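Structure first, commentary second.
Computation of the quantities below employed the complete heavy-atom set of this structure, encompassing side-chain atoms and omitting hydrogens, waters and symmetry-equivalent molecules. These numbers come from a predicted model, not from an experiment. All residue numbers refer to positions in the sequence shown, counting from 1.
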Amino acid sequence: MQSQKMHLSGDGLIDNLFTVLWMRDPLSDVAPSIRIPNTVVYKHQQIAFWYFTSTDGTVKKKGTAKLNNETIYHEFCRKASASGIVAYYLSCEPATSGGRGSTV
C-alpha cells in the first residue's frame with residue numbers, strides 16, 4: 001500500500017491533523033493514544049467530520065448519521081462546565097490588509 005501525503009497547511013486550520021491522529025499505522029495496525037476534545041470539522045459550511053477520544057484512548061470518528069447540528073448540540077451540552085461554555089469556533093477569513101486572519 002502506497003502512503004498518501006497529508007498536507008497540514010491550507011486555510012490555516014489543520015483538519016488533516018485529526019485525520020492523521022485517527023489513522024492506524026499500516027505496519028503495526030496501532031492507533032496513537034492521545035486525548036482530544038470533541039472536534040467538529042466543517043468544509044464548505046457543511047459538517048465533514050466529528051473526531052473524539054474513545055474509552056480506549058484512541059481518536060475515533062462519529063458516523064455520518066450523527067453528523068448533524070441537533071446531535072452535536074445535545075452531545076456538547078450534555079457535559080457543560082460550570083462556566084456554561086461548551087465549545088468554541090475557529091475560522092479563517094481574509095484580513096483587511098489582504099493577508100489571512102483568524103477569528104475565534
Side-chain angles (χ1 to χ4, degrees):
M1 182 169 125
Q2 185 178 358
S3 68
Q4 291 182 317
K5 289 187 177 183
M6 299 298 292
H7 297 285
L8 297 180
S9 63
D11 65 2
L13 302 175
I14 52 175
D15 58 295
N16 284 337
L17 173 64
F18 294 101
T19 302
V20 170
L21 294 174
W22 167 75
M23 294 171 61
R24 299 179 81 76
D25 182 287
L27 298 175
S28 65
D29 195 35
V30 174
S33 181
I34 186 167
R35 294 183 54 81
I36 64 167
N38 276 297
T39 303
V40 178
V41 176
Y42 288 80
K43 290 190 178 229
H44 308 289
Q45 300 177 343
Q46 299 293 318
I47 301 165
F49 306 105
W50 181 356
Y51 298 98
F52 66 99
T53 302
S54 70
T55 56
D56 68 1
T58 61
V59 175
K60 304 282 187 193
K61 285 195 295 190
K62 298 279 187 181
T64 55
K66 295 187 177 184
L67 299 183
N68 62 72
N69 292 328
E70 185 176 341
T71 303
I72 292 168
Y73 176 82
H74 287 297
E75 181 67 24
F76 277 55
C77 291
R78 188 170 59 91
K79 295 181 181 178
S81 67
S83 70
I85 298 171
V86 297
Y88 64 93
Y89 180 80
L90 299 174
S91 69
C92 289
E93 299 173 2
T96 55
S97 63
R100 285 194 320 206
S102 296
T103 302
V104 177

Q: Check step by step if side chain to side chain contact (heavy atoms under 4.5 Å, CB included) holds for Ile36 and Val59.
A: CA-CA 8 Å; Ile36 64 167; Val59 175; 3.9 Å; yes
Supply the atom-to-atom distance [X] [atom1] to [Y] [atom2], rounded to the nearest 0.5 angstrom.
X     : Y     : atom1 : atom2 : result
Lys62 : Glu75 : NZ    : CD    : 4.5 Å
His74 : Arg78 : NE2   : CZ    : 12.0 Å
Lys60 : Phe52 : NZ    : CZ    : 7.5 Å
Phe49 : Phe18 : CZ    : CZ    : 12.0 Å
Ile72 : Ile47 : CD1   : CD1   : 3.5 Å
Lys61 : Leu21 : NZ    : CG    : 12.0 Å

Those residues at least two apart in sequence (or on a different chain) that pass side-chain hydrogen bond (donor to acceptor under 3.5 Å, both in side chains) with Ser33 are none
_Check this for me: Tyr73, atom OH, are more than 12 non-hydrogen atoms of other residues, nucleotides or ligands nearer than 6.0 Å?_
no
Residue pairs meeting salt bridge (charged side-chain N to carboxylate O under 4.0 Å, His left out), one or both in residues 25-42, sequence neighbours left out, come to Arg24-Asp29
(message) Measuring only between side-chain heavy atoms, which start at C-beta, is Thr58 closer than 4.5 Å to Trp22?
(response) no
Validation row: Trp50, Asn38 side chains within 4.5 angstrom (heavy atoms)
yes
Flag yes if Tyr89 and Ile85 sit in one hydrophobic cluster, no otherwise; membership is Ile, Leu, Val, Met, Phe, Trp, Tyr, and two members link when side-chain heavy atoms are under 4.5 Å apart.
no
